[in-house]
Amino acid sequence: MGGAGKPATEEDAALRWAYRTMQTIRCFEERLHADFAAGKVPSSVHLYAGQEASATGICAHLGEQDYFHITHRAHGPAIARGADLKAIAQEIWLRAGGLCSGKGGSPHLHDARLKLVGANGGVGSGAALACGSALATRHRGDGGVVVCLLGDGAINQGVVAESFNLAAVWSLPVVFAFENNGYAEATGTAYAIAGNDIAARGAAVGMPIARVDGADYFAVHATAGEAIARARAGGGPSLVEMQVPRFFGHYEGDAQKYRAAGEVAELRRSRDCLVAFRERVLGAGLLTAAELAGIDAKIAAEVDEAFSTAAAAAPPAAAALLSDVYAGRI
Ligand SMILES: Cc1ncc(C[n+]2csc(CCOP(=O)(O)OP(=O)(O)O)c2C)c(N)n1
Ligand SMILES: [Mg+2]
């Protein structure tokens, strides 16, 4: 704990970063939910609330040489990777100042400078792109690793099976990190995934696998850390499956008739990563309630400013329509 005359340690800083990151994501998504319901948001959005511990526990281990491939449920992972909050908000509002100049929108957040590789239209395709990033970083010899987020829905895609095989055959420095939130759109995992075991598919190609409670920041941090360290040390690919709750619909506007009555309320009561984190750090005396409250207040102001800036910002100019269509050197 950094307060009360005690010097802040590296561990204090890491805990504060983790809390700040998860709370920023939650605050951003709750506000986005409210603004969407009020008709203020001009694009479709998939909210990440409930899943914060997963991207945060992973990004705690990533340096600037590492790649983070994300999915259409993009806001939280982009925040965890350190993308600019105002640029994220402006991208969702399709503004010129957005992360992709307002041309990608919510599901395609991408920031090449951060090696944050955004989703494309095909669920699961990120797995193949991640193999490409892993091959590139290994050829450069810069010690980089790649973490590829994937949803449970991606496990049945052919490209994912092919990517597992390629990553294993070439011993690529990649971690396939599945966020199993129980649903692919409205389809439940138990119904759609034969065997109902995502991690076992990785074991089939000889990858080390791990299953972890994705609502527990500390568990994700430890498990992802092990897989990332293995990849960095030349130990090849791994698969990590994180069980995470999804607090909102597949997309905003989803009536969620496929969910049991009270399901979300129960998840919020029993599987909230922020509640668990607060209990743990306060119980162990690692951070104080006053510190957390101070962080919360600062984040609320930052999110408010990002949203007001986005709402007032200009869209891309018509003359910019054909720029960024073909990449030069990337
Ligand atoms: C190849 C392909 N099939 C179907 C879709 C339509 N689609 C978009 S998101 C989605 C669900 C993905 O579920 P999951 O991978 O579990 O991620 P989640 O939305 O739960 O984060 C589907 C089926 C698509 N974009 N690409
Ligand atoms: Mg899912």
Side-chain angles (χ1 to χ4, degrees), residues 25-26 28-29 32-33 36 43-59 68-81 92 104-110 116-130 147-164 175-202 211-215 220 239-260 263-264 267 271 273:
I25 298 170
R26 179 67 56 84
F28 191 97
E29 298 293 60
L32 192 50
H33 173 75
F36 191 95
S43 72
S44 169
V45 291
H46 307 88
L47 301 184
Y48 195 73
Q51 305 187 192
E52 295 87 350
S54 132
T56 307
I58 288 167
C59 285
F68 191 35
H69 285 246
I70 63 175
T71 76
H72 55 281
R73 207 167 289 288
H75 318 150
I79 290 170
R81 185 60 172 143
I92 294 166
S106 158
H108 303 121
L109 301 181
H110 178 96
L116 173 75
V117 186
N120 54 72
V123 164
S125 317
L129 300 179
V147 178
C148 180
L149 280 186
L150 296 156
D152 46 275
I155 195 65
N156 293 325
Q157 291 298 111
V159 65
V160 172
E162 294 173 43
S163 302
F164 282 4
V175 177
F176 299 104
F178 283 85
E179 300 189 293
N180 184 351
N181 61 11
Y183 300 99
E185 296 200 349
T187 307
T189 48
Y191 170 81
I193 301 174
N196 200 14
D197 190 342
I198 290 173
R201 307 262 180 108
R211 301 177 182 87
V212 65
D213 176 2
V220 173
L239 183 154
V240 176
E241 177 183 354
M242 298 166 292
Q243 305 288 339
V244 291
R246 195 189 75 198
F247 286 174
F248 291 109
H250 171 66
Y251 61 96
E252 285 306 271
D254 178 359
Q256 302 187 69
K257 292 200 170 137
Y258 52 90
R259 298 184 99 168
E263 179 183 319
V264 174
L267 288 175
R271 306 258 300 131
C273 59

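From a predicted model like this one, the values you see are computed outputs, not experimental measurements. In this chain, residues are counted from 1 in sequence order. Atoms within a ligand are numbered from 1 in the order they appear, just like the ligands themselves.
- Comparing His72, Gln51, Gln157 against atom 19 (O) of ligand 1, the shortest heavy-atom distance belongs to His72.
- In Arg73, the part holding a heavy atom less than 4.0 Å from any atom of ligand 1 is the side chain.
- A donor-acceptor pair is defined here as one N or O able to donate and one able to accept, closer than 3.5 Å; no such pair exists between the side chain of Gln51 and the backbone of Ala49.
- Residue-level check: among N/O/S atoms of Asp152, OD1 sits closest to the Mg ion (ligand 2).
- Those atoms of ligand 1 that come under 4.0 Å of a heavy atom in His250, given as number and element, are 9 (S), 10 (C), 11 (C), 19 (O).
- Only the side chain of Asn181 comes within 4.0 Å of ligand 1, judged by heavy-atom distances.
- Shown are Ile25, Asn181, Ile79, Leu32; of these, the side chain to side chain contact (heavy atoms under 4.5 Å, CB included) with Tyr48 is made only by Ile25.
- Contact annotation for atom 24 (C) of ligand 1: protein present (non-hydrogen atoms, distance under 4.0 Å).
- Inclusion of Arg246 in the set of residues having an N or O under 3.5 Å from an N or O of ligand 1 is not warranted.
- Residue contacts with ligand 1, taken as heavy atom pairs separated by less than 4.0 Å, do not involve Glu179 at all.
- A donor-acceptor distance shorter than 3.5 angstrom exists from the side chain of Ser43 to the backbone of Ile92, with no hydrogens or angles considered.
- Among the candidates Leu150, Val147, Leu116, Val117, the single residue satisfying the side chain to side chain contact (heavy atoms under 4.5 Å, CB included) test with Ile70 is Leu116.
- In this structure, the protein non-hydrogen atom closest to atom 6 (C) of ligand 1 is Glu185 OE2, 3.7 Å.
- Judged by the shortest distance from any of its heavy atoms, Asp152 lies inside the 4.0 Å radius around the atoms of ligand 1.
- The Ala154 neighbourhood of ligand 1 comprises atoms 15 (O), with distances under 4.0 Å to a heavy atom of that residue.
- Using a cut-off of 2.8 Å, one finds that Glu179 contributes no N/O/S atom close to the Mg ion (ligand 2).
- With hydrogens and angles disregarded, no donor-acceptor distance shorter than 3.5 Å links the side chain of Glu252 to the backbone of Val45.
- The N/O atoms of Gly122, backbone and side chain alike, include none that comes under 3.5 Å of an N/O atom in ligand 1.
- The closest approach between any non-hydrogen atom of His46 and ligand 1 is not below 4.0 Å.
- A donor-acceptor pair is defined here as one N or O able to donate and one able to accept, closer than 3.5 Å; no such pair exists between the side chain of Asn180 and the backbone of Ile198.
- The aromatic rings of His72 and His46 lie perpendicular to each other, with more than 60° between the two planes, well past the 30° mark.
- Under the 4.0 angstrom criterion, atom 13 (O) of ligand 1 counts as having a protein heavy-atom contact.
- Separating the CG atom in Leu149 from the CZ atom in Phe68 is a distance of 4.0 Å, to the nearest 0.5 Å.
- The contact set between ligand 1 and Tyr183, taken as ligand atoms under 4.0 Å from a residue heavy atom, comprises 16 (O), 20 (O).
- Among protein heavy atoms, atom 2 (C) of ligand 1 sits closest to Val123 N, 3.7 Å.
- Between the side chain of Arg246 and the backbone N or O of Leu47, no donor-acceptor pair lies under 3.5 Å.
- In this structure, Thr189 OG1 and Ile155 CD1 are separated by 12.0 Å, a value rounded to the nearest 0.5 Å.
- Rounding to 10°, one obtains 80° for the angle at the Mg ion (ligand 2) between O (Tyr183) and OD1 (Asn181).
- Summarising the geometry, atom CG belonging to Leu239 is positioned 9.0 Å from atom CZ belonging to Arg211; distances are rounded to the nearest 0.5 Å.
- Considering only non-hydrogen protein atoms, atom 15 (O) of ligand 1 sits nearest to Gly153 N, 3.1 Å.
- Relative orientation of the Phe164 and Phe176 rings is tilted, given thresholds of 30° and 60° on the angle between their planes.
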